[in-house]
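Everything below concerns the one structure shown next.
Counting convention: from 1, in listed order, for ligands and their atoms alike. Remember, it's a predicted structure, so these values are computed and weren't measured experimentally.
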Amino acid sequence: MKTNVRALVIGGGAIGTSVAYHLARAGWDDVMLLERDELTSGSTWHAAGLLPLYNMSYAVSHIHDYSVKFYKTLEDETGLNAGFSVVGNLRMARTQDRMDEYMVYASTAETVGVHYEWMTPAQIKESWPLVNTEDLKGAIYHPEDGYINPADLTMAMAKGARQRGVTIERKWQADAFDWKGDHWDVTCTKMVEKGGNLVPGDEQVVISAEHVVTASGNHAQRTARLLGIKSAAIPVEHQFIVTDADPALVAYRKDNPEHPVLRDADAKWYVREERGGWILGPYELNAPARFEYGVPDTFRADLFPLDLERIEEEYMSMIHRIPSTEEVGLKDDYNGPICYTPDGNPLVGPAPGLRNMWLAEGFSFGITAAGGTGYYLAQMMVEGEAEIDMASLDPKRFGGWITTEYSARKSEEAYEHVYILHHPDEEREKCRPLRTAPSYDRLKARGAQFGCVNGFERPNYFGPLDAPDSFDHDARSFRRGGWWDYAVDEAKAVREGVGLLDASAFTKHRVTGPGATAFLDWFTCNKLPKVGRINLTYALTPQGTTRTEYTIVRLAEDEYYLVSSGALTDYDGDFLRKCAEDKAGEFGYIAVENVTTQYGVFAIAGPKSRDVLKEVIKDAEPETALSNKRFPWLSARQIELGMCPVNAIRVAYTGELGWELHHPIEMQNYLFDLLEAAGEKHGMKLVGARAQNWLRQEKSYRAFGHELGRDATPLEADLPRFVDLSKEFQGKAAMEEVGVRTKCCTLLIDGPEDADPWGVEALYHGDDRVGRLTSGGYSVHFGKSIGMGYVRPDLAEPGTRLKIRMFDQLWGAEVVVDSPYDPGNETIRKDG
Ligand SMILES: Cc1cc2nc3c(=O)[nH]c(=O)nc-3n(C[C@H](O)[C@H](O)[C@H](O)COP(=O)(O)OP(=O)(O)OC[C@H]3O[C@@H](n4cnc5c(N)ncnc54)[C@H](O)[C@@H]3O)c2cc1C
């Protein structure tokens with residue numbers, strides 16, 4: 001057995017096998033795959049093999065699209081037929097809301113290049129007469145997907161991998177991981193049969209591997225413990241049942257091709273043909289999490305007992321939809337573990353805190369995702385980055401605060417939500433509130449309807465004071481929801497008066513030490529600010545795209561306070577810390593401290609914000625303390641508001657005169673009461689994240705995870721003013737080399753009367769698709785929809801007329817100047 005490899009992949013399910021295959025295909029010739037039992041003996045063997053292209057996420061849609069195309073090529077390459085039945089996939093809708101969901105999804109599909117068609121109930125009936133269409137509104141149809149045999153697929157990928165030089169070792173379990181500075185020593189134990197169980201034997205080897213990928217499926221929690229990290233992946237029970245042959249189906253099939261896979265999303269199930277009968281796969285309520293603390297030795301390629309009662313409702317609704325199934329008996333059942341994560345997406349990317357350790361865990365649609373995951377993860381490992389931004393799947397999007405209990409309950413919720421309407425303004429309820437700033441109760445009492453950012457409660461908008469618990473749930477929509485008017489009032493308050501926002505969820509790091517200045521100068525692309533000043537800047541990937549956006553405050557010569565997106569604290573912290581470690585030898589000691597939960601943040605913004613602060617600032621000359629002379633725009637000052645010491649930063653993400661007030665979190669309620677009382681006579685309004693999101697688009701402020709990410713450089717984001725080309729910085733050469741392939745712009749949109757774009761829509765120039773939106777919303781200033789997105793560079797010029805597809809129609813849109821509201825920044829810089 002080889003004991004020295006470039007990459008060791010752990011787990012011989014669909015995922016691990018695809019990763020090994022794609023690493024070899026990307027040019028790594030020394031790859032080994034280790035499987036503790038037999039290939040496919042985890043969840044892979046009992047999967048139903050459906051390959052749904054339908055997915056609301058841009059990254060996951062790319063992954064699924066790649067898989068479906070790749071699987072069609074496998075037989076030619078390996079000679080093995082993976083049993084891909086391209087029967088199509090019909091996703092039915094019973095309500096207009098569901099059709100709206102499909103139309104919002106179709107925007108993502110279109111931008112990825114996934115083909116879809118619309119069908120009316122009459123067309124469905126004509127094509128597939130066994131389907132009861134009387135209560136349907138319509139359907140979306142994917143002609144190019146279908147289902148595959150998961151075991152045959154895995155074997156075909158394994159053969160392809162072997163043909164490309166991959167070594168596959170079965171009955172070896174990875175048991176310990178030891179980082180040696182430039183490689184991992186992985187202790188592996190020979191697994192032996194004992195009374196039907198698979199148990200560790202006496203034989204052990206240590207394999208040295210430059211890179212390790214874990215694709216351990218249901219064993220993700222054990223793997224995480226061995227690595228000393230936390231993993232959000234926990235399996236949940238998932239069942240499907242197989243019926244006897246249905247005579248009506250058998251008769252229909254004499255003259256007709258196979259039925260497409262049917263999905264009745266409102267009834268929470270899929271159905272496909274299986275040897276003259278049907279497979280029914282429900283996503284029912286109350287499916288329990290399993291193996292929170294590990295998979296027992298006794299559980300191998302095993303199943304749980306069927307729980308028919310739990311899926312009775314879905315069973316009955318299958319009979320409603322396909323009446324011929326009423327007389328058909330049950331032949332077989334499967335109830336197996338299927339891995340989930342709190343948001344339902346897998347964990348793909350570098351492991352937190354570790355070097356050369358890659359995770360590919362937590363797959364609930366692992367058969368569909370295997371091909372694309374292997375492809376994009378191999379790109380990340382071999383080339384340094386994938387061609388799409390994989391941040392939304394990065395394992396570190398779940399912070400170090402997660403626990404087993406949290407992951408288990410949220411994974412159960414994600415399972416239940418597979419077919420619940422995927423409103424873009426949805427906020428899932430489980431495990432909340434969990435992370436709250438001290439002012440949470442006060443804000444709630446004033447009508448706050450909270451969203452969840454990295455587990456942190458943050459007001460989305462302020463609704464009625466006497467709102468029932470279901471208010472936000474009922475306010476959701478694919479169009480303008482019941483919250484829209486509240487957000488409009490809040491946005492107006494900031495533009496015309498003064499608003500107060502809770503931004504405590506921001507990620508905050510302190511970077512200090514003798515090497516801090518030289519390090520940050522290399523780490524970020526803009527000039528470093530002078531002491532007391534701030535700068536907006538970007539840390540780039542070595543490939544020149546945007547890894548993180550920072551507001552940097554220089555507190556002292558060698559002391560910096562970095563503020564970044566609240567959603568990705570560990571994602572940002574991990575990169576910052578690893579880069580600082582790497583560069584300490586060159587630049588000197590650099591201390592990086594995550595102070596996110598030490599400081600709360602209130603943002604006060606609007607033409608009257610200075611008047612409110614003047615009432616409470618303690619200063620020898622309170623009248624001038626906040627003037628342009630003493631506190632200019634883009635500077636930071638230590639001020640005192642009443643008895644609260646505040647690190648005040650003169651910036652406002654809303655684009656109005658304003659300050660961010662970073663304060664000791666334990667004084668938050670004191671500060672809130674003080675500001676609220678002072679704000680009363682100025683009509684200060686509490687404002688949530690939704691209004692803020694609209695306001696920042698009027699100023700063309702790019703948002704991380706939308707306009708800013710690992711698929712575009714800051715020059716493509718059209719931010720040359722924040723890039724100092726006269727200095728050297730990480731990713732500079734690569735950024736310059738790729739040039740401007742696509743360019744960010746802001747658009748004002750003449751959309752439908754009852755809807756705004758969500759930031760996923762395709763953009764057209766004539767009949768050509770030329771780009772996509774990455775943000776969308778409503779502009780109170782212009783009284784119409786607004787969005788930001790990427791288009792061909794020649795079309796990013798102000799005045800260019802484009803079209804945007806929303807709800808299956810094309811609407812007019814015009815590229816406008818950057819910062820269409822107050823382009824000269826007059827209001828932000830106003831003196832007083
Ligand atoms: C009933 C059911 C139906 C499903 N239907 C579908 C479907 O229609 N479409 C779809 O896309 N998905 C479906 N799924 C989900 C799909 O089965 C999984 O997402 C997929 O199999 C996950 O693959 P994997 O490689 O991540 O995990 P697994 O297949 O579980 O493979 C992980 C492997 O790692 C090995 N391993 C673990 N730890 C170690 C170690 N320390 N050393 C060595 N080896 C180790 C295990 O033995 C195992 O073989 C279904 C799941 C269920 C339960």
Side-chain angles (χ1 to χ4, degrees), residues 8-20 32-53 55 63-64 67-68 89 145-151 153-154 157 169-177 186-189 191 198 200 207 212-227 233 235-242 261 270 272 279 281-283 287 290-291 294-295 299-301 303-304 306 333-340 346-348 359-374 415 418:
L8 181 66
V9 180
I10 291 159
I15 298 295
T17 312
S18 172
V19 173
M32 182 189 271
L33 183 147
L34 216 64
E35 165 55 49
R36 68 190 289 281
D37 200 343
E38 296 292 343
L39 295 183
T40 78
S41 61
S43 278
T44 295
W45 77 269
H46 52 57
L50 304 176
L51 303 174
L53 285 166
N55 197 285
I63 286 175
H64 288 189
S67 295
V68 167
N89 189 333
D145 74 25
Y147 64 90
I148 203 161
N149 183 322
L153 167 69
T154 309
M157 289 192 292
E169 296 287 350
R170 290 168 296 133
K171 296 278 196 282
W172 282 97
Q173 174 170 276
D175 276 339
F177 300 89
V186 184
T187 306
C188 306
T189 310
M191 301 301 283
L198 190 69
I207 300 175
V212 174
V213 183
T214 79
S216 59
N218 302 315
H219 296 256
Q221 290 297 319
R222 174 181 189 268
T223 306
R225 268 198 311 281
L226 294 176
L227 292 172
V236 177
E237 280 189 24
H238 177 45
Q239 352 189 36
F240 66 82
I241 53 176
V242 190
V261 176
Y270 65 78
R272 76 159 166 88
I279 283 181
Y283 281 82
R290 289 288 195 148
F291 307 145
V295 184
F299 195 96
R300 295 177 66 184
L303 293 167
F304 309 115
L306 174 73
D333 61 80
Y334 293 78
N335 184 6
I338 184 169
C339 250
Y340 268 84
L347 312 172
V348 185
L359 305 186
E361 306 278 9
F363 285 86
S364 55
F365 284 88
I367 309 306
T368 323
T373 300
Y415 176 88
V418 166

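For Ile10, every heavy-atom contact with ligand 1 shorter than 4.0 Å involves the side chain, none the backbone. Of the heavy atoms in Ala360, none comes closer than 4.0 Å to ligand 1. Counting heavy atoms under 4.0 Å from ligand 1, residue Ala215 touches it through the backbone alone. Contacts between Glu35 and ligand 1, counted as non-hydrogen atom pairs separated by less than 4.0 Å, involve both the backbone and the side chain. With a 4.0 Å heavy-atom cut-off, ligand 1 is reached by the side chain of Phe240 but not by its N, CA, C or O. With a 4.0 Å heavy-atom cut-off, ligand 1 is reached by no atom of Ala370.
Scanning the protein for heavy atoms near atom 3 (C) of ligand 1, the closest one is His238 CD2, 3.5 Å. At the top of the distance list for atom 20 (C) of ligand 1, counting protein heavy atoms only, stands Gly366 CA, 3.8 Å. Among all non-hydrogen protein atoms, the one lying nearest atom 41 (N) of ligand 1 is Ala174 O, 3.1 Å. With respect to atom 8 (O) of ligand 1, the closest heavy atom belonging to the protein is Leu50 N, 2.8 Å.
Counting heavy atoms only, His46 comes closest to atom 53 (C) of ligand 1 of the residues Gln173, Arg36, Glu361, His46. With Ile15, Leu226, Ile367 as candidates, the residue nearest to atom 24 (P) of ligand 1 on a non-hydrogen basis is Ile15.
For the pair Asn218 (side chain) and Pro235 (backbone), a donor-acceptor distance under 3.5 Å is absent. Under the 3.5 Å distance criterion, the side-chain polar atoms of Ser18 are matched with a main-chain donor or acceptor of Ala370.
For the pair Thr368 and Pro52, the minimum side-chain heavy-atom distance is below 4.5 Å.
Outside the 6.0 Å centre-distance limit, the rings of Tyr334 and His238 are not counted as a close aromatic pair.
Heavy-atom distances between Trp45 and ligand 1 stay at or above 4.0 Å for every pair.
Counting atoms of ligand 1 from 1 in the listed order, those under 4.0 Å from a heavy atom of Pro337 are 53 (C). Close approach of ligand 1 to Gly12 (heavy-atom distance below 4.0 Å) involves ligand atoms 33 (C), 34 (O). Each of the atoms 25 (O) of ligand 1 lies under 4.0 Å from some heavy atom of Ala14. Each of the atoms 7 (C), 8 (O) of ligand 1 lies under 4.0 Å from some heavy atom of Gly49. In summary, the atoms of ligand 1 found under 4.0 Å from a heavy atom of Leu34, numbered by their order in the structure, are 43 (C), 44 (N). If you number the atoms of ligand 1 from 1 as listed, the ones under 4.0 Å from a heavy atom of Arg222 come out as 41 (N). Interface atoms of ligand 1 facing Gly336, defined by a heavy-atom separation under 4.0 Å, are 53 (C). Of all atoms in ligand 1, numbered sequentially from 1 with element shown, those under 4.0 Å from a heavy atom of Gly217 are 27 (O), 30 (O), 32 (C).
Using cut-offs of 30° and 60° for the angle between ring planes, the Tyr415 and Tyr340 rings count as perpendicular.
Residue Thr44 has at least one nitrogen or oxygen atom sitting less than 3.5 Å from a nitrogen or oxygen atom of ligand 1, judged on distance alone. Between Ile338 and ligand 1, no pair of N/O atoms sits closer than 3.5 Å. For ligand 1, none of its N or O atoms has an N or O atom of Gln239 under 3.5 Å away.
A salt bridge is defined here as a Lys NZ or Arg NE, NH1 or NH2 lying under 4.0 Å from an Asp or Glu carboxylate O, and Arg170 with Asp37 fails to meet this definition.
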Just do the side-chain contact (heavy atoms from CB on, under 4.5 Å) check on Val186 and Val212 with the steps written out, would you?
CA-CA 9 Å; Val186 184; Val212 174; 4.0 Å; yes
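Crowding of Arg225 atom CZ: a count of heavy atoms from other residues, nucleotides or ligands under 6.0 Å exceeding 12.
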